[in-house]
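Have a look at the structure below, then the notes.
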Amino acid sequence: MSEFEWIQRYFAPLAGEGALHLQDDAAIISPPINEQLIVSTDTLNEAVHFKAGTAPDKIAQKALRVNLSDLAAKAAKPFGYTLNLSLPIIPSPNEEWVTRFCEGLKADQANYHIHLLGGDTTTTHGPLSISITAYGSCKQPILRSGAKVGDTLYVSGNIGAGYLGLHHHSHVTAQHYELPVPRLDLIALLQEHATAAMDISDGLVQDLGHLCKASKVGANIQLSQIPLADGNYDRIEQITGGDDYEILFTAPPNITLPACVTAIGHITSGESIQWLDENEQLVVIKKGGWQHF
Ligand code: ADP
Ligand code: MG
């Protein structure tokens with residue numbers, strides 16, 4: 001089967017509006033009138049982001065979901081994505097693998113009401129690599145840089161499930177690591193209240209540092225307020241671990257919160273981040289978070 005037959009057999013059935021049935025050079029994107037186009041891209045490489053032998057449908061869904069998480073963090077509603085696949089030339093590109101990969105995409109297209117817009121299919125002498133770019137829209141994205149002194153800091157969900165899942169802590173956390181759930185359910189809340197937001201992919205400690213730096217502010221965090229995936233497990237490991245795909249955001253105090261959102265501290269002037277224990281004592285966190293190099 002030729003490259004073009006592969007594209008038509010496996011990918012064209014996933015294509016939607018603007019994709020021109022994957023028979024043209026480019027796709028056409030028209031965000032809703034008065035909305036801005038919001039774009040995010042992420043690559044997953046075998047052995048770096050997932051283990052060799054991981055189920056192909058799970059790889060596809062994770063590759064898609066980490067991008068949807070970035071759009072959710074900007075309070076943008078996703079509508080489509082492009083897919084760049086680099087398939088190892090040895091052993092030769094495997095139809096069974098691609099079939100199952102596409103089943104994963106199809107399931108999440110239905111879950112998140114999105115469709116395929118285009119992509120590229122190539123072979124490589126290196127490991128399997130998947131790059132997805134997700135497209136969404138909103139009237140006004142929430143940036144990392146908008147936090148104001150006096151804002152409260154909030155997180156969604158529980159922190160540490162990704163880290164614990166990577167280390168096979170339990171079935172539930174393993175599932176969270178393999179298949180995070182992008183917080184698209186928070187888009188409306190963020191649109192209404194958030195002054196700054198980001199998704200937590202590299203650990204709460206490191207990512208809060210990025211948000212504060214972008215906003216040129218500091219923060220005081222009550223460690224005991226942070227909702228942990230496992231309260232009996234080391235707190236510092238869980239808040240520096242990464243792969244949470246929860247949302248960290250700032251908003252005025254006293255907003256009405258859904259059950260999945262917790263206040264963990266507030267924004268201060270200056271640029272230092274203070275982590276405080278139950279006795280208001282400073283805790284020095286030496287670990288950073290995940291970095292590739
Ligand atoms: P070109 O040679 O112009 O770059 P390609 O031959 O790479 O085009 O691709 C032909 C069409 O198939 C394009 O519409 C492209 O978006 C689509 N396509 C190729 N690979 C994929 C893929 N992995 N997923 C989705 N669409 C793809
Ligand atoms: Mg091409």
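Atoms within a ligand are numbered from 1 in the order they appear, just like the ligands themselves.
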*Considering only NZ, NE, NH1 and NH2 on the basic side and carboxylate oxygens on the acidic side, decide whether Lys139 and Glu192 come within less than 4.0 Å.*
no
*Name the orientation class of the two ring planes belonging to Phe249 and Tyr154 (parallel below 30°, tilted from 30 to 60°, perpendicular beyond 60°).*
parallel
*Any idea how Phe101 and Trp97 line up, ring-wise: parallel (<30°), tilted (30 to 60°), or perpendicular (>60°)?*
parallel
_Counting only nitrogen or oxygen atoms and a 3.5 angstrom limit, does Leu117 reach ligand 1?_
no
_Any N/O pair Gln23/ligand 1 closer than 3.5 Å_ = no
*Of Thr121, Leu22, Leu85, Ile132, which has the heavy atom at the shortest distance from atom 11 (C) of ligand 1?*
Leu22
*Could you check which of Leu83, Leu14, Asp24, Leu20 puts a non-hydrogen atom nearest to atom 24 (N) of ligand 1?*
Leu83
*Under 4.5 Å between any side-chain heavy atoms of Glu271 and Lys213, yes or no?*
no
*For residues Leu248 and Leu208, determine if any side-chain heavy atom of one lies less than 4.5 Å from a side-chain heavy atom of the other.*
yes
*Between Leu116 and ligand 1, which part of the residue brings a heavy atom under 4.0 Å of the ligand: side chain, backbone, both or neither?*
side chain
For [X], the ligand 1 atoms whose distance to one of its heavy atoms is below 4.0 Å:
X: Phe4; value: 6 (O)
X: Gly118; value: 16 (O), 24 (N), 25 (C), 26 (N), 27 (C)
X: Asp25; value: 3 (O)

*Relative to Tyr245, does Lys62 satisfy both conditions: NZ or CZ under 6.0 angstrom from the six-membered ring centre, and within 45 degrees of the ring's axis?*
no
